[in-house]
Amino acid sequence: MPELTHVNEVGEARMVDVGAKADSEREAIASGGVRMKAETLGKIRQMDIKKGDVLAVARIAGIMAAKRTPELIPLCHTILVTEVTVDFDFKGDDYIEVVARAKCSGKTGVEMEALTAVSVSCLTIYDMCKAIDRAMVIDSIRLEKKSGGKSGTYIREEE
């Protein structure tokens, strides 16, 4: 198992020095979702939520969040994100899956940006619908795939 890189020899938090690492094309895909009442999902599909187009707002929120990841995650490096996409898939009548993809060319990966995009997109869905469904559950936020860099490609195995 790899050792933790964000702590020094005495266990204190530190930001990893990536200065000597070579730039490479990097990509990460993360997913998660929001479980809700079927009625709530129906209103989202019909664009019948008083605050507006839930998925359009959640997509923009996720993209914006990915670009601000280093401001939210203390030891995350600032990187030039070259692309972020956020997509939604209706699973059954009570679940919206959120999938974010982030890309960069740099010295460190974009996993945190993809995960942050999913998280904030899910939170935005919750925020826009909470007036009609406070019991919504955000779940299963996880890294699906990452590529690039010294450690190569990771693909989540099916559970």
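All values derive from a computational prediction rather than experimental measurement.
Residue pairs satisfying the salt bridge (Lys or Arg N to Asp or Glu O under 4.0 Å) criterion with at least one member in residues 108-123, sequence neighbours excluded, are absent.
Grouping Ile, Leu, Val, Met, Phe, Trp and Tyr residues whose side-chain heavy atoms lie under 4.5 Å apart, directly or via other members, places Tyr154 in a hydrophobic cluster with Leu143. Taking Ile, Leu, Val, Met, Phe, Trp and Tyr as members and joining any whose side-chain heavy atoms lie under 4.5 Å apart, directly or through other members, the hydrophobic cluster of Val18 also contains Val16. Clustering of Ile, Leu, Val, Met, Phe, Trp and Tyr side chains at separations under 4.5 Å leaves Met47 isolated, with no partner residue. Here Ile155 is tied to no hydrophobic group at all, with no ILVMFWY side chain closer than 4.5 Å.
Ile132 is listed as a side-chain neighbour of Ile49, based on a closest heavy-atom distance under 4.5 Å. Between Val54 and Ile125 there is a side-chain heavy-atom pair separated by less than 4.5 Å. Using a 4.5 Å cut-off on side-chain heavy atoms (C-beta onward), Leu55 and Ile96 make contact. When side chains are defined from C-beta on, Asp139 counts as touching Tyr95, because their heavy atoms get closer than 4.5 Å. Contact check for Ile79 versus Arg26: no side-chain heavy atoms found under the 4.5 Å cut-off. You'll find the side chain of Met36 stays beyond 4.5 Å of the side chain of Cys129, heavy atoms only.
The distance from atom NZ of Lys146 to atom OG of Ser151, rounded to the nearest 0.5 Å, is 3.0 Å. Atoms SG and CD, from Cys122 and Glu97 in turn, are 9.5 Å apart once rounded to the nearest 0.5 Å. One finds the NZ atom of Lys51 at 4.0 Å from the CG atom of Asp127 (value rounded to the nearest 0.5 Å). Ile73 CD1 to Met112 CE: the interatomic distance, rounded to the nearest 0.5 Å, is 4.0 Å. Of the inter-residue distances, the one linking Leu80 atom CG with Lys67 atom NZ reads 11.0 Å to the nearest 0.5 angstrom. Rounding to the nearest 0.5 Å gives a distance of 15.0 Å between CG of Asn8 and CE of Met15.
Looking at residues two or more places apart in sequence or on another chain, you find a side-chain contact (heavy atoms from CB on, under 4.5 Å) between Ala65 and Thr116, Val120. With sequence neighbours left out, Ile63 forms a side-chain contact (heavy atoms from CB on, under 4.5 Å) with Arg59, Val84, Val86. Residues satisfying the salt bridge (charged side-chain N to carboxylate O under 4.0 Å, His left out) test with Lys145, not counting sequence neighbours, are none. Qualifying side-chain contact (heavy atoms from CB on, under 4.5 Å) partners for Thr85, counting only residues two or more places apart in sequence or in other chains: Glu83, Asp87, Arg101. In terms of the side-chain contact (heavy atoms from CB on, under 4.5 Å) criterion, residue partners of Glu144 (sequence neighbours excluded) are, by chain and number, Ile29, Ser31, Arg142, Arg156. When the salt bridge (charged side-chain N to carboxylate O under 4.0 Å, His left out) test is applied to Asp23, the partners found at least two apart in sequence or on another chain are Lys107. For Arg45, the salt bridge (charged side-chain N to carboxylate O under 4.0 Å, His left out) test picks out no residue, with sequence neighbours left out.
No chain of hydrophobic side-chain contacts below 4.5 Å, direct or via other Ile, Leu, Val, Met, Phe, Trp or Tyr residues, connects Val99 to Phe90.
Residues Gly149 and Ser24 approach most closely at N-OG, 3.0 Å, considering heavy atoms. For the residue pair Ala100 and Ala114, the shortest heavy atom distance occurs at CB-O, 3.6 Å. A pairwise comparison of heavy atoms in Ser121 and Ala58 identifies OG-O, 3.0 Å as the closest pair. Residues Cys76 and Pro70 come closest through the heavy atom pair O-CB, 3.6 Å.
Arg14 contributes no side-chain N or O that, together with a main-chain N or O of Leu75, makes up a donor-acceptor pair within less than 3.5 Å.
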